[in-house]
Amino acid sequence: MKAMSTETPLDLKKTVNLPKTGFSQKANLAQTEPARLKKWSEMRLYDLIREARAGAQKFILHDGPPYANADIHLGTAMNKILKDFIVKSRNMMGYDAPYVPGYDCHGLPIELYVDRKLGAKKANMPAVAIRRACREHAAQALKRQTRDFQRLGILGEWDNPYLTMSNPYEAETARLFGRFVERGYVYKGARPVYWCIHDQTALAEAEVEYHQHTSPSVYVKFPLASDPSLIDPALAGRKVFVLIWTTTPWTLPANLGITVHPDFEYSAFEHGDEVYIVASELVGAVAEKCELGARDDAGNLPMPNVVARFPGAKLDRLACWHAWLDRESLLMVGEHVTLGGEADAETELDVSEARDKKSTGKAGTGCVHTAPGHGHDDFVIGKRYGLEIYCPVDNAGHFTPEVEHFAGQSVFEANPRIVEFMRERGLLLFTENYEHRYPHCWRCKNPVIFRATPQWFISMDQVAGDVVEKDEDGRDRSNFTENYSDEERGLRAAALREIENVNWIPAWGRDRMRNMFRGRPDWCVSRQRVWGVSIPVFYCAKCTEPVAEPEIINRVADVFEKESADAWYTREARELLPEGYVCKKCGADEWLKETDILDVWFDSGASSIAVLENRENLSWPADVYIEGGDQYRGWFNSSLMVGLAIHDRAPYKTVLTHGWTLDAQGKAMHKSAGNAVAPEEVIKDSGAEILRLWSASSNYFEDMRCSAEILQRVTDGYRKLRNTARFALGNLHGFDPARDTVAEPDLLEIDRWALAKLNEVVGKVREAYDAYEFHLVYHLLSEFCTVTLSARYFDIIKDRLYTFAPRNQARRSAQTALHQIADALARMLAPILVFTSDEIWENLPTDNDRPEAVHLALLPEANAAREDALLSNWQRLFEIRDDVLHALEEARIGKQIGSSLEARVEIAAAGDSYDLLIRYADELRYLLIVSEVNVLKSDEGVSGVVVKVEQADGKKCERCWNYSTRVGESARYADVCERCVAALEEIEASHDSEN
RNA sequence: CGGGGCAUAGCUCAACGGCAGAGCAGCCGCCUUAUAAGCGGUUUUAGCGCCAGAUUAGCGCAAGGUUCUGGGUUCGAAUCCCAGUGCCCCGACCA
């Protein structure tokens with residue numbers, strides 16, 4: 001080795017061990033992520049994880065299938081990222097946690113999309129062709145979604161996801177319907193839907209559009225049938241009428257009741273020898289409108305004479321006579337009644353409009369004409385009171401023959417005739433033309449009606465195992481009653497029981513789910529559509545007897561398994577039924593197929609069975625479901641029903657709810673509002689890693705905000721994590737863990753301190769992962785990197801790492817700590833920063849039997865033995881350090897020093913502080929990063945430490961930059977201090993020994 | 001209108017009936033051996049005193065954060081209860 005004394009200070013620099021690593025400072029995520037994905041795909045990382053965890057305890061996260069319609073948005077991305085956090089962290093806890101993604105492929109949005117694309121052509125297309133188009137659209141959408149999900153770094157069985165439109169899944173869906181039938185939950189009823197009488201088809205709300213329309217508005221008298229004194233003694237013996245208002249007179253033949261609000265005050269007022277009941281607040285308005293009473297000379301109507309006032313609840317379950325039919329009309333109470341008239345039939349058809357309006361003016365009477373077959377609210381309340389869902393209107397919009405006076409007439413044509421009819425009989429108080437927005441068919445532009453059609457329902461209260469009781473008319477036999485009892489019966493009771501056994505995170509999920517099941521009506525599973533799984537029921541062509549039998553349904557399912565549910569359309573009924581099957585009722589052998597398909601919620605609700613139970617590597621029930629809060633009404637709900645029907649148990653042990661993604665102001669994101677953050681933009685600009693870190697940084701149990709500023713903060717956070725890792729890696733250059741690791745007892749104390757801090761963080765991070773609190777993981781690691789490592793530990797050990805001889809034991813001590821820190825950091829970050837953690841892993845000096853990718857490794861475990869004494873000593877030392885840094889800053893402001901190494905510090909302390917400082921006296925200059933420290937004893941009783949800063953004595957060492965009076969002592973190394981002389985000699989000696 | 005949720009610093013989050021905090025951002029500096037990096041200080045304010053004295057800055061004293069608003073329970077509330085405001089989800093054959 002050549003003498004170094006002749007070398008310039010620049011060459012001296014070469015003897016300093018500066019960081020060196022292939023882990024670049026600049027991440028270039030947008031470029032490097034795809035390369036890493038490719039590598040993982042080639043090495044079959046997901047499969048390797050499965051092999052590594054084979055035989056371990058299973059942990060099943062069951063994926064809620066996103067709808068295979070459009071490209072993913074921020075919320076979809078976040079949802080999948082959170083799932084990946086869970087799956088990766090559980091795998092790294094040692095569980096065997098597979099991930100099978102799924103897609104929800106059937107349903108209206110896709111069919112609507114296809115409708116619009118096909119346009120007029122669709123009318124002449126067979127169902128199979130439409131279904132093919134839907135299938136293609138879904139296949140294409142899910143392909144794009146898969147690509148985008150994979151780009152996010154999410155590992156799973158992407159080559160074998162579950163699709164609700166796959167043959168086995170469709171078959172299983174049909175079989176599950178059979179199970180519901182078998183257990184007696186299924187019945188045929190009726191329910192009102194939008195109906196276009198021109199096209200003779202049901203319409204979805206998305207298929208109606210609103211246009212101005214003129215309807216006849218009518219005020220009609222319904223005579224009270226009950227004893228009026230039950231309402232108020234003052235009414236005894238009077239001729240009492242309840243006044244209703246509607247803009248759809250044609251629904252009056254279907255009137256079965258009148259609904260009032262239980263809490264509103266109602267008045268009975270006189271008009272001639274009759275008494276009319278309306279809401280008190282509307283007495284004046286009604287009298288005015290209907291010209292009740294005689295105007296005085298000034299043209300004013302007198303206020304009617306009110307004979308009684310009472311709450312609406314008084315009317316509950318009394319009866320009126322239908323205005324002209326020989327039939328009762330039941331008085332009911334319902335919260336949906338308003339004084340604005342929104343709840344009348346008019347706005348039944350105008351729901352979204354009515355919801356936006358706070359008040360539609362003072363039309364109406366507060367007594368709502370209720371025809372359960374012709375309105376949504378009417379339907380719901382009708383069910384509650386056990387009314388028939390009566391709809392005497394046929395597909396073409398004609399009254400059925402049973403309708404007296406108007407049989408055969410089209411409903412719109414009948415409108416004026418009904419008005420006239422009522423006028424002639426003195427039932428009508430007033431009529432006028434009423435302009436309002438009214439729903440029209442999107443295709444033929446004609447006004448639509450609300451009309452009850454036969455549908456299949458799943459009963460919430462039917463007792464399992466009972467024989468299905470079906471009316472001739474398919475009328476509902478299982479009344480929904482408000483005074484539901486706790487006795488064990490039906491799906492509702494089972495759901496309420498199981499809800500208590502599920503771990504809901506956050507805990508309010510339990511209440512929400514409970515409320516939902518308490519109040520929910522029977523589940524209507526019929527949809528008048530083609531893109532879905534057909535309801536596998538047959539009807540006798542002769543007597544219309546339905547055949548819904550599990551064995552036959554299973555037969556059909558077997559065909560679906562081979563040919564997909566398309567078979568329902570491509571095959572004749574007799575091909576699907578057993579050979580020679582004849583109607584049990586009439587003996588006929590001609591069959592018709594049900595045309596309705598199953599609600600898509602039935603499809604996705606079936607997933608726990610269709611996927612968890614049918615895949616050999618999964619199991620039922622799932623450990624975890626995690627979705628947005630909207631799924632309480634959706635997937636959480638339907639999945640629970642299916643679980644109960646099949647196994648009498650919830651299909652999930654834990655249900656996590658995540659919030660929605662909002663903009664910077666906390667407003668919902670809409671493409672139209674222009675405040676949406678597009679995931680692909682973030683990925684393109686910053687990388688998927690940033691999206692993942694954002695998902696981890698926010699508390700997902702609440703709604704999560706996202707904006708340019710927030711993403712900037714996240715990016716800054718990422719840089720800090722990356723640079724921290726980079727420092728560790730750079731200083732591990734030349735460190736061979738197997739050879740150079742310093743045994744625990746031989747470590748420098750500050751290195752042990754760093755490891756003790758690491759141990760603390762590891763414990764907390766594990767807890768946070770265990771509790772699915774990823775934002776705590778992020779904040780813990782972020783603060784650990786920023787404060788404990790970057791600002792403290794790393795800054796302090798730089799001197800040792802850079803200036804000591806490479807193989808010096810003290811330097812190896814620091815490296816030993818760094819190695820453990822970097823290793824643990826990579827593991828702890830791995831579930832979140834999937835790309836970066838693996839990059840750290842690659843650049844980390846390895847001992848031999850380490851997994852190939854960090855995702856195959858396990859999370860570090862906290863050491864139970866805590867170094868409490870050491871930690872508390874050092875906590876106090878760092879408090880004193882803060883005081884010193886403060887004093888140094890003052891000296892800096894006073895231009896006494898620049899770098900802290902220019903300083904000599906005098907610390908005066910008393911008591912425990914003094915003892916502590918003396919004990920660590922030799923360490924202090926390194927801890928404080930100054931050139932010299934003197935500890936003085938201050939008088940007892942003086943609290944705190946007093947710090948004095950002065951210029952350090954001596955000259956600056958050109959190598960380590962510390963100040964020393966001994967710089968220049970060595971002739972061989974003229975510009976350096978005594979420590980560096982020693983270091984340089986050590987370096988030379990080791991070079992000699994190598995040669 | 002009903003069911004549920006959320007509201008703490010510019011941003012993201014702690015504090016879970018017992019002293020309201022962290023990180024980041026901002027501002028002011030230092031360093032140039034993590035270098036498109038690193039480190040430190042600082043970041044509510046009327047008043048009083050000291051220092052200084054053109055100003056800026058500095059030190060001390062004292063008060064000091066309407067934890068969205070208003071009530072209540074409690075010795076004590078960000079926390080529990082009630083009401084209100086704002087935002088979000090659900091109540092639609094949308095997912």
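Sequence lines set the chain letters: A, B, ... in the order given, protein chains first and strands last, and positions in each chain run from 1.
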Quick one: [X] [atom1] to [N] [atom2], roughly how many Å, whole number?
X	N	atom1	atom2	result
A:I929	B:U32	CD1	P	14 Å
A:K20	B:U35	NZ	P	14 Å
A:Q896	B:C30	CD	C1'	14 Å
A:L721	B:A37	CG	C1'	15 Å

Counting the atoms with a prime plus P, OP1 and OP2 as sugar-phosphate, which does [X] contact under 4.0 Å by heavy atoms, base, sugar-phosphate, or nothing?
X	answer
A:Y802	base
A:G628	nothing
A:S790	base
A:D795	sugar-phosphate
A:V714	nothing

Listing time: all N or O pairs from protein to nucleotides 85-87 of chain B that are below 3.5 Å?
| from | atom 1 | to | atom 2 | distance (Å) |
| --- | --- | --- | --- | --- |
| B:C87 | O2' | A:G666 | O | 2.4 |

TODO: Would you mind pulling out the nucleotide paired to B:C94, Watson-Crick or G-U wobble, both distances under 3.5 Å?
DONE: none
TODO: Compute both the distance and the angle, then confirm whether A:R811 meets the cation-pi test with A:F735: under 6.0 Å from the six-membered ring centre, within 45 degrees of the axis.
DONE: no
Open item on the list: Quick check: any donor-acceptor pair below 3.5 Å linking the side-chain of A:E889 to the base of B:C30?
Closed with: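 In this structure, the two groups form no donor-acceptor pair.
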TODO: Check every atom of B:U12, B:G91, B:A95 against the side chain of A:R633 and return the nucleotide holding the closest atom.
DONE: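 Looking only at heavy atoms from C-beta outward on A:R633, the closest nucleotide is B:G91.
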